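Below: one structure, written as structure tokens.
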Amino acid sequence: MSGKKQQNVQEFEYKAEMKQLLNLIVHSLYTHPEIFLRELISNASDALNKVRFSQLTENQAEAEGGELKITITLDEKKRSFVIEDNGTGMSEEELIANLGTVAKSGTLGFLQALKEHQPEKAGIDGNLIGQFGVGFYSVFMVTDEVTVETKSSGSPGCRWRSSGEGTYTIEKIDREKLGTKIAFTLKEDAAEFAEGYRVESIIRKYSNFVDFPIYLDNKRVNSITALWQQPKSDLKEEEVNEFYKFISVDYQEPLDYLHLSLEGVVNFKALLFLPKEAPMDMLYQQGALENHGPQLYVRKVMIQHECKDLLPEYLRFVKGVVETEDLPLNVSREVVQNSPVMAKIRQILTTKIIAWFESLAKEQPEKFRQFYKAFGPVVKIGLNTDFTNREKLIELLRFESTTTDEGEYVTLREYVGRMGKDQKEIYYLSGDNREQMLSNPNLEYFRKKGIEVLLLVDPVDIFVIPSINEYEKKPLKSIEKADIDFAAGDDGEKDALNKNMIEPVLRIFRETLGDRVEDVVESHRLVNSPVTLVGGKDAMDPQIEKMLKMMKQSEAPGKKILEVNPSHPVVKNLAGLCMLNENDPFIRTTMNQLYEGALLLEGSLEGTAEFVARMTDIIEAATKQAKA
Ligand code: ADP
């Protein structure tokens, strides 16, 4: 901090990132100035909650100011706005730490998201604003100068003042009351926020469920109800939806909710929600859910905003509130974490939430699809981390397949149910998109035989599915591996080359490709393509390989086996050429071309110059013949 003293008023300069934030807030959020009110009320409510907490834990008497509350006073004529709370207040040091720097990760996250979303192009949407608390500084959208008077227990009162342009001042003042009072004159174009009915409607919209009374010009405006404490039958859908929007700061309604009231080994009540969409950036980023979770209340006091210990990581996108009487109030984070009560609550919640998903799947399949689309990739992580519930999670899995339409799903149970009686394995293929997968030559055999193949389009699948190994005693197998059982596949190859004819082709293929492949073998899976590449029995899934390569984790990709289709005209022609003159260079040109063509289809051909040059040679040869 850099302080300049001038009588008892000290001037400070904001840190650079602070200036950047202020700038962004004023220039990017201007379309939703009303959220300043939500932010100020939420800060006041946090400060009040801290007082409530210490009253209960330290057996302190009622706060000096009596009822814990938030008071808003407006003056339309003067365009003045005052919001006051009798919460903890701030000392001078806290003022500097809290209102002088961007300390909060949420704010930084907001900055980041703004950058990524290019708000100047897209126009900043309600969703983005909703997901981050942008904090106290949003007040500079509606005013040019703010005065904060505050006093915390054991410190003298302070007045903080800033016009949000690089500096702020702090001076000591006489103030007896604990708490914080924030006052400012509204800009002309923000005059509406001095109108009672307008402010009331904003409070109802964003802050109706704040846990302390809010008085607007002496009239109580919010309805505090701990909805999760009410019997399920009393819950009104509309109110529940509003409550969800309030706690999750989502602009959309929830997809579904679950009310729980448990009595027994542990006692707790919960109101849990599934959002309709996954919040931005939250899903694929590793550890993104690490610090999320429902709110934890103990005996009517909020203990943690995002209590991660309530749920395993793969379920932490579930929003809501959990309240229990079974934890002591003055618990530290570590105690919460290690408490057997917590472990029990977590275990029960997990079971109930999975049962909730199951019942959605059964009773409201449309909702389930929407849920699965948004959160399936996260829930799948549980397969590798939650072995207690693994079987149930496997039942929740959904896949596209060669039999389903795009965007339609099949379960493993359904797949097995419609397997032919000769089919012993469950087949899958992974890839970037459905269309590309459907043109994979390795599918030809399965097509011809009418065998369903699961299409793994979610990138998470290949990290999860192979670990299932088998389902209902049927092994799960990638059709890109060499060890598939094609026992039933011998018909339809009547016009295939016989052993003596194919052998030289395979041998010359091996000579030509050298150590670029592990082996060259006769194929039983191809119908329309001359060759294909498959992984050896122990090879990695090609998708994983591609990913590792992208992440530069693996340099040398595992060698593949080239399979050659003995029924294909090109292969038959090659066999003919081999009989005539094994040393004809055209044979090798063609073989190289076939091999690289297979690489190209797989998406792993590096550099196409040679491929195209060779193709030109081949076309030249073909057209010469035509001329002759
Ligand atoms: P956030 O509330 O998200 O942390 P803010 O920028 O809104 O970020 O506020 C920064 C900090 O200032 C708060 O975390 C809190 O410590 C303090 N603060 C803000 N308003 C109040 C208030 N009314 N009473 C006590 N402390 C407050």
Side-chain angles (χ1 to χ4, degrees), residues 1 12 14-15 17-26 29 33 35-54 63-65 68-73 81-113 129-143 146-162 164 168 170 175 177-184 206-207 210-215 247-249 291-292 295 302 304-306:
M1 75 181 173
F12 299 84
Y14 287 123
K15 297 260 168 58
E17 55 183 3
M18 196 60 229
K19 290 184 195 161
Q20 192 191 354
L21 175 68
L22 285 167
N23 193 32
L24 266 171
I25 284 176
V26 175
L29 296 186
I35 60 153
F36 86 90
L37 187 52
R38 176 189 81 189
E39 300 297 322
L40 295 184
I41 290 176
S42 141
N43 283 345
S45 163
D46 286 348
L48 290 166
N49 193 58
K50 284 180 199 155
V51 171
R52 179 186 280 167
F53 182 79
S54 45
E64 298 160 37
L68 293 172
K69 63 182 179 194
I70 297 167
T71 327
I72 295 172
T73 317
F81 189 105
V82 181
I83 173 168
E84 184 159 14
D85 63 69
N86 49 351
T88 51
M90 286 174 273
S91 66
E92 181 173 351
E93 293 72 37
E94 284 166 334
L95 268 176
I96 293 169
N98 296 337
L99 300 189
T101 40
V102 194
K104 216 192 61 174
S105 57
T107 317
L108 290 172
F110 179 72
L111 271 177
Q112 192 68 28
I129 291 177
Q131 282 177 33
F132 298 93
V134 285
F136 171 78
Y137 296 95
S138 56
V139 75
F140 286 110
M141 287 188 291
V142 296
T143 183
V146 180
T147 305
V148 178
E149 295 184 357
T150 183
K151 176 176 159 52
S152 76
S153 168
S155 316
C158 283
R159 178 182 295 130
W160 178 100
R161 188 170 274 158
S162 177
Y168 60 92
I170 295 181
R175 183 183 159 97
K177 279 195 287 184
L178 291 186
T180 303
K181 174 173 157 186
I182 298 172
F184 46 89
Y206 293 114
S207 311
V210 162
D211 219 359
F212 298 91
I214 303 174
Y215 293 93
I247 52 157
S248 63
V249 209
N291 290 313
H292 287 265
Q295 297 181 348
M302 194 211 288
Q304 273 180 41
H305 250 297
E306 304 247 33

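Just the heavy atoms: all of them, side chains too, but no hydrogens, waters or symmetry mates, feed the values below. Remember, it's 1-based here, ligands and their atoms both numbered in the order they're listed. These figures come from a predicted structure and were not determined experimentally.
In summary, the aromatic rings of W160 and F136 are positioned with their centroids under 6.0 Å apart.
Between K50 and ligand 1, no N or O atom pair is found at a separation short of 3.5 Å. For ligand 1, one of its N or O atoms has an N or O atom of D85 under 3.5 Å away. Where the criterion is an N or O separation shorter than 3.5 Å, residue side chain and backbone included, T88 fails it with respect to ligand 1. Between M90 and ligand 1, no pair of N/O atoms sits closer than 3.5 Å.
With rounding to the nearest 0.5 angstrom, the CG atom of N86 is 8.5 Å from the CG atom of L178.
Nearest to atom 19 (C) of ligand 1 by heavy atom, out of L48, N43, L40, is N43. For the residues N86, L95, T180, the heavy atom positioned nearest atom 24 (N) of ligand 1 is part of T180.
Smallest separation of non-hydrogen atoms from T143 and F184: OG1-CB, 3.5 Å.
Shown in contact with A47 at under 4.0 Å from a heavy atom are these atoms of ligand 1, numbered in order with element: 24 (N), 25 (C). If you number the atoms of ligand 1 from 1 as listed, the ones under 4.0 Å from a heavy atom of L99 come out as 12 (O).
For R159, the salt bridge (charged side-chain N to carboxylate O under 4.0 Å, His left out) partners at least two apart in sequence or on another chain are E149, E171.
If you look at N98 next to ligand 1, the close heavy atoms, those under 4.0 Å, come from the backbone and the side chain alike. Heavy atoms of D46 found under 4.0 angstrom from ligand 1: none, in either backbone or side chain.
The salt bridge (charged side-chain N to carboxylate O under 4.0 Å, His left out) pairs that include a residue from residues 83-100 are E84-R175, E84-K177, E92-K172, where partners are two or more places apart or lie in different chains.
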- Task: Verify side-chain contact (heavy atoms from CB on, under 4.5 Å) between Y206 and I41, making sure each step is shown before the conclusion.
- Result: CA-CA 9 Å; Y206 293 114; I41 290 176; over 6 Å; no
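Side-chain atoms of K50 do not come within 3.5 Å of backbone N or O of S54 as any donor-acceptor pair. Between the side chain of T150 and the backbone N or O of M90, at least one donor-acceptor pair lies under 3.5 Å.
Heavy atoms of E39 stay at 4.0 angstrom or farther from ligand 1.
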